[in-house]
Asks: 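Before I ask anything, here is the structure I am working with.
Quick caveat, the model's predicted, so the values are computed rather than measured. The sequence lines fix the lettering, A, B, ..., with proteins before strands; numbering per chain opens at 1.
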Number of protein chains: 2
Amino acid sequence: MTSTDPTSRPSVRPTRQRRAVAAALAGFDDFRSAQEIHDLISQQGESVGLATVYRTLATLADAGEVDMLRNEDGEAIWRSCSDTHHHHLVCRTCGATVEVEGPAVERWTSAIASEHGYGDISHTLEIFGTCPACR
Amino acid sequence: MTSTDPTSRPSVRPTRQRRAVAAALAGFDDFRSAQEIHDLISQQGESVGLATVYRTLATLADAGEVDMLRNEDGEAIWRSCSDTHHHHLVCRTCGATVEVEGPAVERWTSAIASEHGYGDISHTLEIFGTCPACR
DNA sequence: GCGAGTTTGACAATCGTTCTCAACCGCGGT
DNA sequence: ACCGCGGTTGAGAACGATTGTCAAACTCGC
Ligand SMILES: [Zn+2]
Ligand SMILES: [Zn+2]
Ligand SMILES: [Zn+2]
Ligand SMILES: [Zn+2]
């Protein structure tokens, strides 16, 4: 985390644990908590410490390879994602998730922001509902 | 919380504690954590249990009198708000908040949802940035 | 095979939030 | 003013997600 020298690489090593987390992430497409992902890894026969799962997920999130958001209880939930900016339509019951894009919304948020003189903008936007299957 | 009889009122009593929380909420217009609000109440000379602060905030949030959202650490933060549906433009540095409305966004979210067959929709949308004063 | 720098995991420690439950209080009826 | 029935409160325990600790294990380039 403290690589001050610009020439040095963070050097993320391909360990068994990180591979296991990646494999687990590939096994579902809804959002899951770190605990659930940890359990899934166990079910897949691997053994990875919970702390390591957290660390790996955080790293992947920084790298933009997984999305992390919070459910209504404030718990962090994760899932692998595409590398373009997008938002989510999540089923409140089964977790089924759809990635959605909204150029109009993106435009709206930056317009609102500059209109009020705010800079360095970021935003969060999630849509929750009940999917067709759960109705 | 369990008023099954439609004729019975929840009957929220005007206690000293609830008045203190309301007074505290009137004293700021940015988002604050329950802890901070609790401290503020103490500074105002009142004494209210932290659990009561949480309970009161939750009640007010249910009634739509305060907004509750989560900061990047997942902590719940609150502030009094207007009674119409709106979102927030929050300064990442000082917390200065602007309530914003976006009919277009509201339309977009429901359109996206029904497009994918999702019903019973709700959504979260917050914009973070740096306010004019903090630039 | 070595050594420096990473990574891991078992467990403790944080910390925000909720639960417990006996004491307390507001309110409507008398 | 007095009573009694809930709603309400507070101190502290309990919870649960997340992070910190640190010695042992591991990767990788040499
Ligand atoms: Zn569903
Ligand atoms: Zn966006
Ligand atoms: Zn500011
Ligand atoms: Zn909205």
Asks: Report yes or no: does Arg32(B) contribute a side-chain atom to a donor-acceptor pair with the main-chain N or O of Leu40(B) at less than 3.5 Å?
Replies: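 Answer holds: no.
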Asks: Using whole Å, report how far CG of Asn71(B) lies from P of dC15(C).
Replies: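 Going from CG in Asn71(B) over to P in dC15(C) covers 14 Å.
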Asks: On DNA chain C, does the nearest nucleotide to Gln17(A) precede the nearest nucleotide to Arg19(B) from the 5' side, or the other way round? Give the residue.
Replies: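 Final value for this comparison: Gln17(A).
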Asks: Nearest whole angstrom, please: distance from the P of dG16(D) to the CG of Asp39(A).
Replies: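 Interatomic distance, CG of Asp39(A) to P of dG16(D): 14 Å.
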Asks: Is any side-chain N or O of Gln35(A) closer than 4.0 Å to OP1 or OP2 of dG16(D)?
Replies: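 For dG16(D), neither OP1 nor OP2 has a side-chain N or O of Gln35(A) closer than 4.0 Å.
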Asks: In whole angstroms, how far is the P atom of dT7(C) from the CG atom of Leu60(A)?
Replies: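 Rounded to the whole Å, the gap is 12 Å.
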Asks: Would you say the side chains of Arg18(A) and Thr59(A) form a donor-acceptor pair under 3.5 Å?
Replies: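 There is no such pair (donor and acceptor under 3.5 Å, judged by atom type) between the side chains of Arg18(A) and Thr59(A).
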Asks: Is there a chain of hydrophobic side chains (I, L, V, M, F, W, Y, each step under 4.5 Å between heavy atoms) that links Ile37(A) to Val48(A)?
Replies: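 Both belong to a single hydrophobic cluster.
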Asks: NA contact type, Ser47(A), heavy-atom cut-off 4.0 Å: base, sugar-phosphate, or nothing?
Replies: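 Sugar-phosphate: the residue Ser47(A), judged by heavy atoms under 4.0 Å, touches backbone atoms but no base.
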Asks: Taking only side-chain N and O atoms of Ser33(B), does any of them lie within less than 4.0 angstrom of OP1 or OP2 on dG16(C)?
Replies: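 It does not, given that no N or O in the side chain of Ser33(B) lies less than 4.0 Å from OP1 or OP2 of dG16(C).
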Asks: Can you tell me how far C1' of dC28(D) sits from CZ of Arg18(A), to the nearest Å?
Replies: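 Interatomic distance, CZ of Arg18(A) to C1' of dC28(D): 14 Å.
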Asks: Check whether any side-chain nitrogen or oxygen of Tyr54(B) sits under 4.0 Å from OP1 or OP2 of dT17(C), and answer yes or no.
Replies: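 So the side-chain polar atoms of Tyr54(B) do come within 4.0 Å of the phosphate oxygens OP1 or OP2 of dT17(C), strictly under.
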Asks: Would you please say whether a donor-acceptor pair under 3.5 Å links the side chains of Arg70(B) and Thr124(B)?
Replies: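 No, because no side-chain N or O of Arg70(B) sits under 3.5 Å from a partner of the opposite role on Thr124(B).
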Asks: Whole Å only: how far is the CZ atom of Arg55(A) from the C1' atom of dC22(D)?
Replies: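 Going from CZ in Arg55(A) over to C1' in dC22(D) covers 11 Å.
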Asks: What is the distance, rounded to the nearest whole Å, between atom CG of Leu50(B) and atom C1' of dT9(D)?
Replies: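 Interatomic distance, CG of Leu50(B) to C1' of dT9(D): 13 Å.
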Asks: Taking the side chain of Ala51(A) as its heavy atoms from C-beta onward, which of dT18(D), dG26(C), dA10(C) lies nearest to it?
Replies: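 Given the options dT18(D), dG26(C), dA10(C), the side chain of Ala51(A) is closest to dA10(C).
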Asks: Can you tell me the distance, in whole Å, between the CG atom of Leu57(B) and the C1' atom of dT17(C)?
Replies: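 The answer, rounded to whole Å, is 12 Å.
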Asks: Quick one: which of dC27(C), dT18(D), dG5(C) gets closest to the side chain of Arg13(B)?
Replies: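 Of the options given, the side chain of Arg13(B) lies nearest dC27(C).
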Asks: With a non-hydrogen cut-off below 4.0 angstrom, is Arg16(A) in contact with a base, only sugar-phosphate, or nothing?
Replies: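 Arg16(A): backbone/sugar contact only, no base atoms under 4.0 Å.
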Asks: Are side-chain N/O atoms of Gln17(B) and Thr56(B) paired as donor and acceptor at under 3.5 Å?
Replies: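 Their side chains do not contain a donor-acceptor pair, so the 3.5 Å distance test is not met.
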Asks: Can you say whether a donor on the side chain of Arg70(B) sits under 3.5 Å from an acceptor on the base of dG16(C), or the other way round?
Replies: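 Counting by modelled atom types and ignoring angles, no donor-acceptor contact under 3.5 Å is found here.
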Asks: Round to the nearest Å and state the distance from Ile41(B) atom CD1 to dG10(D) atom C1'.
Replies: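 Rounding to the nearest Å, CD1 of Ile41(B) and C1' of dG10(D) are 13 Å apart.
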Asks: Hey, does the side chain of Thr15(B) come within less than 4.0 Å of dT8(D)'s phosphate (OP1/OP2), counting only N and O?
Replies: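 For Thr15(B), the contact criterion (side-chain N or O under 4.0 Å from OP1 or OP2 of dT8(D)) is not met.
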Asks: Ignoring the backbone of Ala76(A), work out which of dT9(D), dT18(D), dT17(C) is nearest its side chain.
Replies: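 So the nucleotide nearest the side chain must be dT18(D).
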